[in-house]
Amino acid sequence: MDVIVRPTPELNGEIGALSSKNYTTRYLLVAALAEGTSTVNYPAHSEDSDAMRRCIADLGAVLTEDEEKIVITGFGRRPKDVKELNVGNAGAVLRFLMAIAALCPEVTFVNTYPDSLGKRPHDDLINALGQMGVEVEHREGRLPITIRGGVPKGGKIRVSGAVSSQYLSALLFLTPLLEEDSEIEVLDDLKSKVVVGQTLEVLEQAGIVVHASSDYMHFRVPGGQSYQAKTYTVQGDYPGSAAILAAAAVTKSNVKVHRLAEQSKQGERAVVDVLQMMDVPLTHQDGTVHIQGNGRLRPVEFDGDAATDAVLAMVAAAVFAEGTSRFYNVENLRYKECDRITDYLHELKKAGADVEERQAEIIVHGRPSGLEGGVEINAHYDHRVIMALTVVGLRCKKPLVIKDAHHVAKSYPQFFDHMITLGASIERVE
């Protein structure tokens, strides 16, 4: 499916934020690792969360679901012996389950997205699993990947955090189930520390004890633990909502987004602070962000590592700011569904934006009068790119055509419905 985004000067209305994809996938996993029955209230419905549902069911969890919840009877430390798992294009799901697959005799993760997830590296996690006595067959760190485990060993484990924090999270899910105590040392820098905080929060709720240093570079994990069956409630999703909020910021708007907790540990909550720094008129109280935009924005400088999945939406807003914005410490954007620096900026330039890239920076010279548009844009199979380019299309003089826009369903299947509800001029083309 392609979409045509036409100039839209005003947005009005209110929506409820989607449930968090990050929390949903983590709650589903800890429920599957428990021996007993857990309930996950208000789970996200997206391709990523569906991939986790499908894979934990293949591994032996029993799931029943209605409109408001999923009830899961877990397999504990004894997943079913399966030969293949298909995570689709879900990188976090792949990495978490590569660790859990170490409890199985042999599991192959197949490659169904060779032009997206199939290009992403997983060497750092593969190296860490090797230290635990797990044999991994792979193609230069990429899919397809076969895990030959059975009895992984704890002890001292080193893992790099320079590319992704998901490798560390994967080890934190696995090591409590091992017989031995584990010490995990993070090498190099650790990207997306805020997301590691989400993993630790979920582990604590599941009854798991992890001793973490204040900088998240050293962890002690007692072995012989068991995940407890619990009831979890998923909070609203800031990463997806970032694009909605950015869209309201760049237009004349009166938009409310509900279910966005002020005290959330999601790093992407920073999008609210960044928009305030850009002089966007907004309030945030009682779980509702209310934007009354006028389309005028100041430039901003921001360390994007704290809010990785909101950076593209922030950049989309900065495209129309009155001056030059800079988003730094964002190199890990290069290792997502696509290279979210080079690929995204290439498409922005096609639409008429004045942007520059460095290895770990995005520089945006704002054009408050709007962009020319009138071009066809490549989405690069990336849901965040699709949402951010939609925001840009609202302030183009001529329509933008976004190719393969159905990939937005990876995290936010209702995105275009919500945008149209708010008044955006968007047409789907099958």
Y412/H418 under ring pair (Phe, Tyr, Trp, His ring centres under 6.0 Å): CA gap, chis, key distance, verdict = CA-CA 10 Å; Y412 199 161; H418 283 179; 5.5 Å; yes
side-chain hydrogen bond (donor to acceptor under 3.5 Å, both in side chains) assessment of T342 paired with E357 | CA-CA 7 Å; T342 296; E357 71 171 275; 2.9 Å; yes
S49 and T24: CA distance, side-chain angles, deciding distance, side-chain hydrogen bond (donor to acceptor under 3.5 Å, both in side chains) verdict | CA-CA 7 Å; S49 53; T24 296; 5.8 Å; no
Yes or no on side chain to side chain contact (heavy atoms under 4.5 Å, CB included) for D237 and Y23, after CA distance, side-chain angles and deciding distance?
-> CA-CA 9 Å; D237 185 62; Y23 276 97; over 6 Å; no
Given H407 and E47, is the side-chain hydrogen bond (donor to acceptor under 3.5 Å, both in side chains) satisfied, shown in steps?
-> CA-CA 9 Å; H407 289 291; E47 290 181 358; 5.1 Å; no
Full working for side-chain hydrogen bond (donor to acceptor under 3.5 Å, both in side chains) between H122 and R142 = CA-CA 6 Å; H122 313 285; R142 293 168 172 79; over 6 Å; no
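Between atom CG of residue L125 and atom OG of residue S164 there is a gap of 9.5 Å, rounded to the nearest 0.5 Å. Within the model, atoms OG1 of T108 and CG of N111 stand 12.0 Å from one another, a figure rounded to the nearest 0.5 Å. Atom CG in D286 sits 11.0 Å away from atom NE2 in H258 (nearest 0.5 Å). In this structure, CZ on R95 lies 15.5 Å from CD1 on I100, to the nearest 0.5 angstrom. How far CG of L168 is from CG of L187: 11.0 Å, rounded to the nearest 0.5 Å.
Between the side chains of H346 and N378, not a single donor N or O lies within less than 3.5 Å of an accepting N or O. With hydrogens and angles left out, the side-chain atoms of T73 and T37 include a donor and acceptor closer than 3.5 Å. No hydrogens or angles considered: nothing links the side chains of S182 and T175 as a donor-acceptor pair under 3.5 Å. Donor-acceptor pairing under 3.5 Å is recorded for the side chains of Q266 and Q235. At a cut-off of 3.5 Å, with distance as the only test, no side-chain donor of S20 or N22 sits close to an acceptor on the other residue. Side-chain polar atoms of R395 and T251 form no donor-acceptor pair below 3.5 angstrom.
For the pair Y232 and N41, the minimum side-chain heavy-atom distance is 4.5 Å or more. Between R53 and E65 there is a side-chain heavy-atom pair separated by less than 4.5 Å. Side chains of V274 and M278 form a contact here, defined as non-hydrogen atoms less than 4.5 Å apart. Looking at N12 and V255, their side chains never come closer than 4.5 Å, going by heavy atoms from C-beta outward. Taking 4.5 Å as the limit, every side-chain heavy atom of E14 sits out of range of all side-chain heavy atoms of T288. Within the 4.5 Å cutoff, no side-chain heavy atoms of I184 are placed close to those of H218. Here the side chains of T64 and I72 are not in contact, with every heavy-atom distance at 4.5 Å or above. Two residues are said to be in side-chain contact when any heavy atoms from C-beta on lie closer than 4.5 Å; V196 and F219 meet this criterion.
A donor-acceptor pair is defined here as one N or O able to donate and one able to accept, closer than 3.5 Å; no such pair exists between the side chain of K403 and the backbone of E376. Put simply, the side chain of K230 gets close to the backbone of Q205: a donor and an acceptor are under 3.5 Å apart. For S165 (side chain) and K193 (main-chain N/O), no donor-acceptor pair under 3.5 Å exists by modelled atom type. Using a distance-only test at 3.5 Å, with no hydrogens or angles considered, no donor-acceptor pair links the side chain of R326 to the main chain of I362. With hydrogens and angles disregarded, no donor-acceptor distance shorter than 3.5 Å links the side chain of E372 to the backbone of A351. Without hydrogens or angle criteria, Y238 side chain to A261 main chain gives a donor-acceptor distance under 3.5 Å. No donor-acceptor distance shorter than 3.5 angstrom exists from the side chain of S160 to the backbone of D188, with no hydrogens or angles considered. No donor-acceptor distance shorter than 3.5 angstrom exists from the side chain of R269 to the backbone of S264, with no hydrogens or angles considered. In this structure a side-chain-to-backbone donor-acceptor pair under 3.5 Å is missing from T8 to L394. Using modelled atom types, no side-chain atom of D305 and backbone atom of V330 make a donor-acceptor pair closer than 3.5 Å.
Shown here is E201, whose CD atom has more than 12 heavy atoms of other residues, nucleotides or ligands within 6.0 Å. In this structure, F415 places its CZ atom where more than 12 heavy-atom neighbours from other residues, nucleotides or ligands lie under 6.0 Å away. Heavy-atom contacts from other residues, nucleotides or ligands closer than 6.0 Å to OH of Y328 number more than 12. Around the CD atom of Q359, the shell of radius 6.0 Å holds more than 12 heavy atoms that belong to other residues, nucleotides or ligands. When the shell of 6.0 Å around NZ of K252 is examined, it contains 12 or fewer heavy atoms from other residues, nucleotides or ligands. The neighbour count for K397 NZ, taken as heavy atoms of other residues, nucleotides or ligands under 6.0 Å away, is above 12. Counting heavy-atom neighbours within 6.0 Å of R296 CZ, excluding the residue itself, gives a total of 12 or less.
When every heavy atom of A90 is checked against every heavy atom of A51, the shortest pair comes out as CB-CB, 4.2 Å. Of all heavy-atom pairs between A128 and L171, the closest is CB-CD1, 3.9 Å.
Remark: K350 engages E347 in a salt bridge, criterion side-chain N to carboxylate O under 4.0 Å. Taking 4.0 Å as the cut-off between side-chain N and carboxylate O, D124 and R158 do not count as a salt-bridged pair. Look at R298 and E322 and you find no salt bridge, because none of the NZ, NE, NH1 or NH2 atoms lies under 4.0 Å from a carboxylate O. Under a 4.0 Å N-O distance rule, the pair E337/R384 does not qualify as a salt bridge. Between R428 and E430, none of the side-chain N atoms (NZ, or NE/NH1/NH2) sits under 4.0 Å from a carboxylate O, so this pair counts as no salt bridge. Taking a cutoff of 4.0 Å between a charged side-chain nitrogen and a carboxylate oxygen, D309 and R340 qualify as a salt bridge.
Remark: aromatic rings of H380 and Y344 are distant, center separation not under 6.0 Å.
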